[in-house]
Protein chains: 2
Amino acid sequence: MARKPLTKPRKAAAQDRSRATVDALVEATARILVKEGFDKASTNRIAEQAGVSIGSLYQYYPGKEALVAAVIDRHNEEIMRLVLPAFAEIDMLPVEIGVRRLVAVAIEAHRIDPRLHSVLAEQIPRTGRLADVEAFGRQTYALFRTYLAAHSDELRVADLDMAAFVAVTTIEALAHTAVLSSQKMLPDQTVRTLVDETTRLVVGYLT
Amino acid sequence: MARKPLTKPRKAAAQDRSRATVDALVEATARILVKEGFDKASTNRIAEQAGVSIGSLYQYYPGKEALVAAVIDRHNEEIMRLVLPAFAEIDMLPVEIGVRRLVAVAIEAHRIDPRLHSVLAEQIPRTGRLADVEAFGRQTYALFRTYLAAHSDELRVADLDMAAFVAVTTIEALAHTAVLSSQKMLPDQTVRTLVDETTRLVVGYLT
DNA sequence: GGGGAATACGAGCAATAGCTCATATTATAG
DNA sequence: CTATAATATGAGCTATTGCTCGTATTCCCC
């Protein structure tokens, strides 16, 4: 039988010293994931890179999957620190403006750490954290659906759920592909065009 | 120094017997990838599952990455057997009809073997086959761009490259997400709606 | 049917993985 | 200052991984 990979931390850090250890571990995991990929990220390697003994690693995390899950959580929080304010901000604004803002935010979010984002996207299915990440996706989806419902007078769509699915998936995919397919920083000009086009695509569909 | 993962087969099979061996290996790799994921797919396991000795495996493939690459190739060929005829077919048809057909094909392609498609999409970056798969993507992109160019009188877009990027990315993402996010078979009704909506989205943007 | 080429086999080795546990160090409360 | 809890250490065990190589089998052609 396949043992299920545990993804919860073993115990919480209580003192400052241990909190630093935990931070170092998560940080090291992220660094290795980006620079060497999931395969090379062994617990021994992570501990070494973090400057922490392997024993300490296992005091806080039951294994590699849990570390990766921690990295995912951290990254998701960073993204949400961009996304949530954006939704609050556009609340009362018309769809044309609101969508434009969300498109811009989606691109920003992908630019936080494109390499990490990419690796995490690959690794999510195997962390057992699929449920969490789906919940994360659903949250964005729900927020957007709420926004649409509040502006339904501007819309020309029959099914709000379908519309939200189409719009969210499209925005996310365009941002993701554009940012990741260009290794180097996207020039501002291209980003502006991309925002324009994506906005036109989605707004044209919605209204 | 990290050894680069070789992805080319070691030697071609000459007799029927060996061709069967190679087939069994690729098939077993696909099965294990789907059922257990990349991590559990060790060369020993693949050989065992294929009913082939580990020695034979290494006679044809230098390692696991090469097997995965072979699976990717096989899968891509299957997809192209759907996509190429579709492009030929829509050649002279108006954008509204052509896009609809392509959207339908994209969904069909994802329904060939959703689980496999999903796993492969995850594993591509680490197979060293990124270039090949990007070429594959570029081919679709190029075909679509050509189609657009031939129908530019119907279009309202400034930049054909940008338009092709936006359209192809969107269609692929919607098909991918819709098929994969629903574990079970999509009901025909939903597929029809999805095709309608995606077509409206993209055609509205293009024309 | 004899002989060389192609194919198949699998024991087994070196490297590395994940992980434990007995021990040492540091912090904190009384 | 001392006792106890919290934290940190790393040698080292077991299982697995990737892979080789000497040997056995099968095929094919003359």
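Every chain is numbered from 1 and lettered A, B, ... according to where its sequence line falls, protein lines coming before strand lines. Please read all numbers here as calculations on a predicted model, not as lab measurements.
Using a 4.0 Å cut-off on heavy atoms, the residues of residues 45-55 of chain A that approach DNA chain D are Val52(A), Ser53(A), Ile54(A), Gly55(A), listed by number.
For Glu27(A) and Arg74(A), the salt-bridge test passes: some basic side-chain N is under 4.0 Å from an acidic carboxylate O. Between Arg45(B) and Glu36(B), at least one side-chain nitrogen of the basic residue sits less than 4.0 Å from a carboxylate oxygen of the acidic one, meeting the salt-bridge criterion.
One interatomic measurement links the two molecules: CG of Leu25(B) to P of dT7(C), which rounds to 13 Å at whole-angstrom precision. Distance, Lys40(A) NZ to dT17(D) C1': 14 Å, rounded to whole Å. The separation between Lys64(B) atom NZ and dT17(D) atom P is 8 Å, rounded to whole Å. The distance between atom CD of Gln59(B) and atom P of dT26(D), rounded to the nearest whole Å, is 15 Å. Taking atom CG on Leu57(A) and atom C1' on dC21(C), their separation rounds to 16 Å, with Å as the unit. Rounded to whole Å, atom C1' of dA6(C) lies 12 Å from atom CZ of Arg19(B). In this structure, Leu67(A) atom CG and dA17(C) atom C1' are separated by 15 Å, rounded to whole Å. Whole-Å rounding puts the Tyr61(A) OH to dT7(D) P distance at 13 Å.
In this structure Asp161(A) satisfies the side chain to side chain contact (heavy atoms under 4.5 Å, CB included) test together with Tyr141(A), Arg145(A), Asp159(A), sequence neighbours excluded.
Atom CG of Leu102(A) and atom CG of Leu143(A) lie 9.5 Å apart (nearest 0.5 Å). Rounded to the nearest 0.5 Å, atoms CG (Leu57(A)) and NZ (Lys64(A)) are 12.0 Å apart. Once rounded to the nearest 0.5 Å, the distance linking CG of Asp91(B) with CZ of Phe87(B) reads 10.5 Å.
Along DNA chain C, the nucleotide closest to Ser56(B) and the one closest to Tyr58(A) are compared, and the more 5′ of them pairs with Ser56(B).
The backbone N or O of Ala142(A) lies less than 3.5 Å from a partner atom in the side chain of Thr146(A), making a donor-acceptor pair.
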Letter by letter from the 5' end, nucleotides 25-30 of chain C scores (B base, S sugar-phosphate only, - none; protein heavy atoms under 4.0 Å) -BS---
Please evaluate residues Thr43(B) and Tyr58(B) with respect to the criterion side-chain hydrogen bond (donor to acceptor under 3.5 Å, both in side chains), reporting the C-alpha separation (whole Å), side-chain torsions for both, the decisive distance (0.1 Å), and the verdict. CA-CA 9 Å; Thr43(B) 48; Tyr58(B) 278 96; 3.2 Å; yes
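Of the listed nucleotides (dT7(C), dA17(C), dT9(D)), dA17(C) has the atom at the smallest distance from the side chain of Asn44(A).
Within the nucleic acid shown, Ser42(B) comes within 4.0 Å of sugar-phosphate atoms alone, with no base atom in reach, counting heavy atoms only.
Heavy atoms only, all atoms of each residue included: Val195(B) and Ile107(B) are closest at CG2-CD1, 3.7 Å.
For Thr21(A) and dT7(D), the shortest distance from a side-chain N or O to OP1 or OP2 is not below 4.0 Å.
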